[in-house]
Amino acid sequence: MPTAHSAEVRERLQERTREILERPHAAPDPQAAEHEKAVVHECRYLMRLLATRRRSAGEMHARLEQREVPAAVAHEAMARIDRAGLIDDAAFACEWVSQRRELRSLSDEALRRELRDRRVSEDHIEHALAAGETGGEEQRCRELVRSRLRPELVRLREDADGSHHRRLARRLDALLTRKGYPGDLAVQVIAAELRAAAQD
């Protein structure tokens, strides 16, 4: 059975509800609405970028700068993407290093340059370069040279005057330079692997 107290509470709630419903609503702020529309538009753009591959925060900032997005809009769009858990520069750097080592056999210095270009912090870069490292840079360099020497083994063994040997050494040196390997390491690995290939 309802008490006087519960009836009074109910009446107060109804009165409060009426006050809220009858309160005049503030006119929408056109500037705020325009800002929100722009932020949502840029968030959708960033989501499309992320749909193709993982990206660093710096890459996404750079893309917004290229689009000449106003700073306040860019900041808010990035903040929302971050709050959604879609920015992880540490994971991005590790994935980048792993894929580029496997697919392109790049040196650590070349990987550093690429990650710096993508505005990844030095801490994340160094952690990514150390993560998953097994044989080291010299081993990666040797494997790359060996992979290029395999099709040349017969010609190397038949190379009486050493001309093919010298041409191949120059090509390998150019390749390792493009991949970012230090000059002294390249010379040492090329000489050792060419010698071993000719003797096999």
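Residue indices begin at 1 and follow the sequence shown. Model, not experiment: these values are computed from the prediction.
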Could you tell me whether the side chain of Glu59 reaches within less than 4.5 Å of the side chain of Arg54, counting heavy atoms only? no
Atom pair CD/CZ of Glu102 and Arg140 - distance to nearest 0.5 Å: 12.5 Å
Do Val73 and Val40 sit in the same hydrophobic cluster, where Ile, Leu, Val, Met, Phe, Trp and Tyr count as joined when their side-chain heavy atoms come under 4.5 Å apart? no
Could you tell me if the side chain of Arg63 sits less than 4.5 Å from the side chain of Met60, heavy atoms only? no
Would you say that Asp123 contacts His127 through its side chain, given a criterion of any heavy-atom pair below 4.5 Å between the two side chains? no
Distance check, rounded to the nearest 0.5 Å: Asp173 atom CG versus Arg178 atom CZ? 10.0 Å
Keeping the roles fixed (side chain from Ser105, backbone from Leu144), state whether a donor-acceptor pair exists under 3.5 Å. no
Would you check if Ser121 and Asp89 make a side-chain contact, meaning some heavy-atom pair closer than 4.5 Å? no
What distance separates His41 NE2 from Arg44 CZ, expressed to the nearest 0.5 Å? 9.0 Å
Salt bridge (charged side-chain N to carboxylate O under 4.0 Å, His left out) for Glu109 and Arg112? Distances and angles first, verdict last. CA-CA 5 Å; Glu109 191 49 42; Arg112 268 192 198 90; 3.4 Å; yes
Side chains of Val189 and Leu172: closer than 4.5 Å at any heavy-atom pair? no
Given 3.5 Å as the limit, does a donor-acceptor pair link the side chain of Gln139 with the main chain of Gly136, or not? no
Verify salt bridge (charged side-chain N to carboxylate O under 4.0 Å, His left out) between Arg119 and Glu65, making sure each step is shown before the conclusion. CA-CA 13 Å; Arg119 304 182 186 183; Glu65 286 170 5; 3.1 Å; yes
Path from Val187 to Tyr181 over hydrophobic side-chain contacts below 4.5 Å: no
Side chain to side chain, Ile81 and Met47, heavy atoms closer than 4.5 Å: yes
Atom pair OG (Ser163) and CG (Leu168), whose distance is rounded to the nearest 0.5 Å: 11.0 Å
Can you check whether Leu115 reaches Leu129 side chain to side chain, under 4.5 Å on heavy atoms? no
Is there a chain of hydrophobic side chains (I, L, V, M, F, W, Y, each step under 4.5 Å between heavy atoms) that links Trp96 to Leu49? no
Rounding to 0.5 Å, atoms CZ (Arg101) and NZ (Lys179) come to a distance of 14.0 Å
Considering all heavy atoms of both residues, which atom of Ala110 and which atom of Gly180 are nearest to each other, and what is their separation? CB-CA, 4.2 Å
So Glu122 and Arg116, salt bridge (charged side-chain N to carboxylate O under 4.0 Å, His left out) or not? Walk me through it. CA-CA 8 Å; Glu122 292 297 322; Arg116 283 173 186 152; 2.8 Å; yes
Looking at Cys94 and Ala131, what are the two nearest heavy atoms and their distance? SG-CB, 4.3 Å
Residue pair Glu114, Arg118: steps toward the salt bridge (charged side-chain N to carboxylate O under 4.0 Å, His left out) verdict: CA-CA 6 Å; Glu114 290 187 343; Arg118 284 152 185 79; 5.4 Å; no
So, taking the atom named SG in Cys141 and the one named CD1 in Ile190, what distance separates them when rounded to the nearest 0.5 Å? 7.0 Å
So do the side chains of Arg80 and Leu46 get within less than 4.5 Å of each other, counting heavy atoms only? no
Following the transitive rule for hydrophobic clusters with a side-chain heavy-atom cut-off under 4.5 Å over Ile, Leu, Val, Met, Phe, Trp and Tyr, establish whether Val120 and Met78 coincide in one cluster. no
Counting neighbours of CZ on Arg83 that are heavy atoms of other residues, nucleotides or ligands and sit closer than 6.0 Å, is the number greater than 12? yes
Run the numbers on Glu138 and Gln188 for side chain to side chain contact (heavy atoms under 4.5 Å, CB included), then give the verdict. CA-CA 10 Å; Glu138 182 177 338; Gln188 172 193 326; 3.6 Å; yes
Show your working on side chain to side chain contact (heavy atoms under 4.5 Å, CB included) between Arg171 and Arg148 and close with a plain yes or no. CA-CA 10 Å; Arg171 287 208 315 263; Arg148 299 306 168 98; over 6 Å; no
